[in-house]
Amino acid sequence: MSVTQPSATDTALRRSIAATLLPGFVGTTLPAWLEERLRNGLGGVCVFGQNVESVAQLRALTDAIYAANPDAIVAIDEEGGDVTRLYYETGSPFPGNAVLGRLGDDAYTEGIARRVGEELHAAGVNLDFAPDVDINSNADNPVIGVRSFGSLPAVVAEQGAAWTRGLQSAGVAVCAKHFPGHGDTAADSHLELPVVDLTLDQLRERELEPFRAVIDAGARTVMTSHILLPRIDPDLPATFSRTIVEGLLRDELGFGGVVVTDALDMHGASGERGIPEAAVLALAAGCDLLCIGTENTDAQLAEIEDAVLAAVAEGRVAVSRIEEAAGRVLGLALAVRTDGAAHEVAGGAGVIDPADVRRAVEAFDISGHAAAWLRAHHGRYSVVRVDTVANIAIGEAPWGPFAEVAAEASGASSAFAANPLVVFTEGDHPDLVLAAQSPVLVVGKDNHRHAFARAAIDRLRAERDVLVVDMGWPSDDRRYADIATFGASRLVGRALIELLDGEPAAPEAVDGHTP
């Protein structure tokens, strides 16, 4: 019995398909199946927090990836704030976008991004899924929030362009996200398909402005979002919409770089159709590099390749479209290799700069009540930590002052760390918070979005002398944010500790604003 061997044409096409795929994997070393696929032309690998134990370990992993495929893309979600993969075990030593947006210093933003890029370059990463240039126009947004530079298009555009220049000056490619804008949503595309009911003119006036700015600043890649914009394409999410990818991003904004999909294992992409079909639709729409997910397998990639081959045979995807995508990915790999070779390997190993701590405090919104409370209760209070379910983009990385206390002796010796602590989560009995004796410092994230957090704060305020800190994106009325820090990175946590431990003459109240 004879076995039909694949033709040279089929082999070449399968290799081109492989060049468009960017899977994740389980573990901290390169699996044999993934190494083999890299040798056969796989486009690259996406690294997540679960893959990182240390910078040295990550460098060994990326070296193994490049040994298997020197033209590989090694991507990571390192936004320099709440979303961190490089410092997933300790919390980020950088301020995050919302803090940078409030400071409004584009030179400072560029410098922070350059330092992020240097650390990624030292770890062997050549593509960063950042900056997030979504305009956080909805304070109830469950997935963007402090990942955004602000709620004003001009601020997000200016800061996004600065971040792009800074990161790429370190030899790491930018991936601006989430096109055409995920800020005006009240749903998380990891879990469902958000609908954004904006017209094309409204997009042009607001959401598209930051993308124009980062493209003009030289962003090498742009990431699509799994959101439905029914007034532009009533049938397909942005990632699968040729009208949005080719029409808006390519033709109108003139973007000639690599279009990357957000992860195709997200419900907003594959929940109703499966990952293989999502890959077919993304390629057909004009996407070039397909981020598959976090824990992919050899069998999954084979299913995706088979589905794309079948779509070619059915005339749903042209061979030329696949070759175009593969060519763009290879071109990106060659460009970042050239960029990287021009930069010395130098990283700061997660060291927090005291100057950054002082700048972070400048970005805080401190009410008059907070200033008076700090003067009255200097260093002496109970702490209630409100733990909400972290969104999938952020994950379970340590956050805020609790990350700093866990990581540094300076945090452990602070007055903040010495005070009694009550941890309060959804499902706990409401009376648990009353275990905290007056005065009480409440520290949470996005307090106003969680009914159990609001109820706990209201209960405490009725019976205790309370100061509430929100380390997320607060509501416009600041009802549950006497102090708003606009971020919960480890750096911002240290800044909060220094404010709390500072001299009794606390800073004057700062009028709140959301850029």
Side-chain angles (χ1 to χ4, degrees), residues 77 79 83 97 129-149 151 153 156 160 175-212 214 221-250 252-253 255 259-275 277-279 281-293 391-394 449 473:
D77 262 312
E79 296 180 9
V83 175
N97 285 1
F129 291 156
D132 187 319
V133 292
D134 298 307
I135 299 165
N136 200 63
S137 51
N138 185 347
D140 291 330
N141 195 314
V143 69
I144 303 301
V146 298
R147 301 168 65 195
S148 168
F149 290 109
S151 59
V156 180
C175 185
K177 59 191 184 185
H178 306 80
F179 190 83
H182 206 314
D184 194 15
T185 62
D188 184 347
S189 53
H190 292 89
L191 306 174
E192 55 188 300
L193 178 62
V195 177
V196 177
D197 191 27
L198 297 177
T199 67
L200 182 55
D201 285 342
Q202 287 173 318
L203 274 183
R204 286 171 175 150
E205 291 171 3
R206 192 176 66 180
E207 272 73 13
L208 297 187
E209 185 175 336
F211 287 99
R212 289 191 189 94
V214 295
T221 79
V222 170
M223 177 179 285
T224 61
S225 60
H226 308 322
I227 60 174
L228 185 69
L229 297 102
R231 299 199 193 191
I232 298 170
D233 187 331
D235 301 316
L236 293 170
T239 297
F240 307 141
S241 171
R242 194 167 182 84
T243 300
I244 291 172
V245 176
E246 291 289 347
L248 274 184
L249 182 55
R250 294 285 190 206
E252 183 165 330
L253 299 190
F255 180 65
V259 178
V260 184
T261 70
D262 207 345
L264 295 182
D265 65 349
M266 294 166 61
H267 186 90
S270 57
E272 303 299 327
R273 56 180 60 85
I275 294 174
E277 176 64 10
L281 293 174
L283 284 169
C287 297
D288 305 307
L289 183 59
L290 312 185
C291 181
I292 308 302
N391 73 52
I392 294 172
I394 292 174
R449 291 201 303 104
W473 191 281

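All of these numbers come straight from a predicted model, not from anything done at the bench.
Between the side chain of Lys177 and the main chain of Asp262, no donor-acceptor pair closer than 3.5 Å is present. At distances below 3.5 Å, not a single donor-acceptor pair connects side-chain atoms of Ser137 with backbone N or O atoms of Ser151. Side chain of Ser148 to backbone of Asp134: a donor-acceptor contact under 3.5 angstrom is found. Between the side chain of Thr261 and the main chain of Cys291, a donor-acceptor pair closer than 3.5 Å is present. Formation of a donor-acceptor pair under 3.5 Å by the Arg231 side chain with backbone atoms of Leu200 is not found in this model.
Shortest non-hydrogen contact noted between Ala285 and Thr239 is CB-O, 3.6 Å. Closest of all the heavy-atom pairs between Thr224 and Cys287 is CG2-SG, 4.1 Å. Across all their heavy atoms, Asn136 and Gly145 have their closest contact at OD1-N, 3.0 Å. Summarising the geometry of Gly160 relative to Pro131, their closest heavy-atom pair is O-CG, 4.0 Å, with the distance given to 0.1 Å. Nearest heavy atoms, Gly286 versus Arg250: O-NH2, 4.1 Å. Taking every heavy atom of both residues into account, Asp233 and Thr243 meet most closely at OD2-OG1, 4.4 Å.
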Pair Val259, Val222 - check side-chain contact (heavy atoms from CB on, under 4.5 Å), show working.
CA-CA 5 Å; Val259 178; Val222 170; 5.6 Å; no
Please determine whether side-chain contact (heavy atoms from CB on, under 4.5 Å) holds for the pair Glu277 and Glu272, giving the CA-CA distance in whole Å, both sets of side-chain angles, and the decisive distance to 0.1 Å.
CA-CA 10 Å; Glu277 176 64 10; Glu272 303 299 327; over 6 Å; no
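Salt bridge Asp77/Arg147: absent, no basic N to carboxylate O contact under 4.0 Å.
A distance of 12.5 Å separates CG of Leu281 from CZ of Arg242, quoted to the nearest 0.5 Å. To the nearest 0.5 angstrom, Leu203 atom CG is 4.0 Å from Ile232 atom CD1. From His182, atom NE2 reaches atom CD of Glu207 across 11.5 Å, with rounding to the nearest 0.5 Å. Between Leu229 atom CG and Leu236 atom CG the span is 11.5 Å, to the nearest 0.5 Å. The CZ atom of Phe240 sits 6.0 Å away from the NE2 atom of His226 when rounded to the nearest 0.5 Å. Between Leu208 atom CG and Gln202 atom CD the span is 11.5 Å, to the nearest 0.5 Å.
Ring geometry for Phe179 versus Phe211: interplanar angle over 60°, hence perpendicular rather than tilted (30 to 60°).
Side chains of Arg206 and Leu198 form a contact here, defined as non-hydrogen atoms less than 4.5 Å apart.
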